[in-house]
Amino acid sequence: ILSAIVQTVLRPRLKCIDGELCLITGSGGALGRLFALEFAKEGAHLVLWDCNEEANEQTAKLARELGVKVHAYTVDLSKRMSIYETADRVRAEVGEVSILVNNAGVVAGRRLLDCPDELLERTLLVNCHALFWMTKAFLPQMKTTNHGHIVTVASALGLFSTACVEDYCASKFGAVGFHESLTHELLAEENDGIKTTLVCPYIVDTGMFAGCEIRKELRGLIPPLDPLYTVQQSMKAILAEQQMICIPRLMYIPFITRALLPWEANVATYRFMGGDKCMLPFIKNVELKNVNGHVKS
Ligand SMILES: NC(=O)C1=CN([C@@H]2O[C@H](COP(=O)(O)OP(=O)(O)OC[C@H]3O[C@@H](n4cnc5c(N)ncnc54)[C@H](OP(=O)(O)O)[C@@H]3O)[C@@H](O)[C@H]2O)C=CC1
Ligand SMILES: CC1=C(/C=C/C(C)=C/C=C/C(C)=C/C=O)C(C)(C)CCC1
């Protein structure tokens, strides 16, 4: 506890990652692209994985302009063999990855009973199962050198839940459990040179949860996060080798009260803050998008 207090009060030393090889999944997306650019600014060479080739190439182009080596791969993270085959290619064509940022994520955005099974399954495959295959592919080499870092971009919804995003909450609670168990394993085996960081943001203004909102009066108090701010806070935590970060810090409160308060008290708080129905406008948005082919505000 004392060490945690000292680390909070004093500015922690940030590690140098110049020349390290960093793999980022979902690097064609909003947060993935910003992670790529922040890691590039720190001098890390990049391996970029995304299913969206065009968006990924755009990220690669932006990162190359910062003077680092970048290799982009098109991969479907919902397919185990696609992950293993691409990992083999990375090892043969680029080298050994020492920083792994598991950032790619999806959400069905439909009510459970209206949602095709495949869409629910995809959320678990991309947000949770892929963590197993990525770790199995890249941890062995990190273990041989006792050096590396595995970052899991989960969510505040991996620490507490809300209504109508069962697929997403299940996958992100899974990601949090995976991260914690892996961290304990590395510590128990004294692989103390391999660090882990869990990133748990609240709504980020990237469009992924467009429309998701809490009670109007409270929106000023807990506004959606700026994507760059989210990534910069995450970077600080990663470079400080911090085990976990909630963004904003306020998100530690529902995480703690979930365990501390009786269920009914949590339900009352959700109702009061508009946390109970926050996903309904988001789901409406997805519905409109599916009907019209574009998102309406
Ligand atoms: N935005 C938010 O409010 C929050 C997001 N997060 C988490 O942050 C992470 C990044 O989110 P964000 O940047 O907003 O999302 P984006 O949708 O902008 O980026 C996700 C990227 O992952 C790609 N991707 C999706 N499925 C696959 C797949 N099967 N194989 C390979 N790549 C895939 C997407 O491609 P395509 O676009 O083609 O689908 C996209 O480029 C996610 O894990 C998300 O859960 C956490 C908290 C809040
Ligand atoms: C449930 C709940 C809240 C709302 C949380 C929301 C709206 C979270 C959205 C997170 C997202 C979209 C994460 C994506 O990964 C409050 C008001 C904070 C506190 C009361 C309980």
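One-based numbering, in listed order, for ligands and for the atoms of each.
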For ligand 2, is any non-hydrogen atom under 4.0 Å from Cys278's backbone (N, CA, C, O), its side chain (CB onward), both, or neither? side chain
Within the structure, is a non-hydrogen atom of Tyr202 found at a distance of less than 4.0 Å from ligand 1? yes
So if you build clusters from Ile, Leu, Val, Met, Phe, Trp, Tyr with side-chain heavy-atom gaps below 4.5 Å, do Val231 and Ile99 land together? yes
Show me which atoms of ligand 2 lie under 4.0 Å from any heavy atom of Ile214. 4 (C), 7 (C), 17 (C)
Scan side-chain atoms only and decide if Glu20 and His147 contain a donor-acceptor pair under the 3.5 Å cut-off. yes
With a 4.0 Å cut-off on heavy atoms, is Ala154 in contact with ligand 1? yes
Do any heavy atoms of Arg33 fall under 4.0 Å from ligand 1? no
Taking a cutoff of less than 4.0 Å between a non-hydrogen atom of the residue and any ligand atom, is Pro201 in contact with ligand 1? yes
Arg215, CZ atom: more than 12 neighbouring heavy atoms under 6.0 Å: yes
Atoms of ligand 2 under 4.0 Å from any heavy atom of Tyr168, numbered from 1 in the order shown, are 14 (C), 15 (O)
I'd like to check the ring-ring contact (aromatic ring centres under 6.0 Å, His included) partners of Phe132; sequence neighbours left out, ordered by chain and number. Phe178
Please identify which atoms of ligand 1 are closer than 4.0 Å to at least one heavy atom of Val126. 29 (N)
Which atoms of ligand 2 sit under 4.0 Å from any heavy atom of Gly275? 1 (C), 2 (C)
When you compare the side chains of Ser27 and Asp50, does any donor N or O come within less than 3.5 Å of an acceptor on the partner? no
Side chains of Thr196 and Thr183: any donor to acceptor distance under 3.5 Å? yes
What atoms of ligand 1 come closer than 4.0 angstrom to any heavy atom of Thr206? 1 (N), 12 (P), 14 (O)
Which atoms of ligand 2 are found less than 4.0 Å from any heavy atom of Phe209? 12 (C), 14 (C), 15 (O)
Identify, by atom number and element, the atoms of ligand 2 in contact range of Leu157, meaning under 4.0 Å from any of its heavy atoms. 10 (C), 11 (C), 13 (C)
Checking contacts now, so for atom 35 (O) of ligand 1, which I'm interested in, is there any protein heavy atom under 4.0 Å? yes
Atoms of ligand 1 close to Gly105 [distance to a heavy atom under 4.0 angstrom, numbered from 1]: 20 (C), 42 (C), 43 (O)
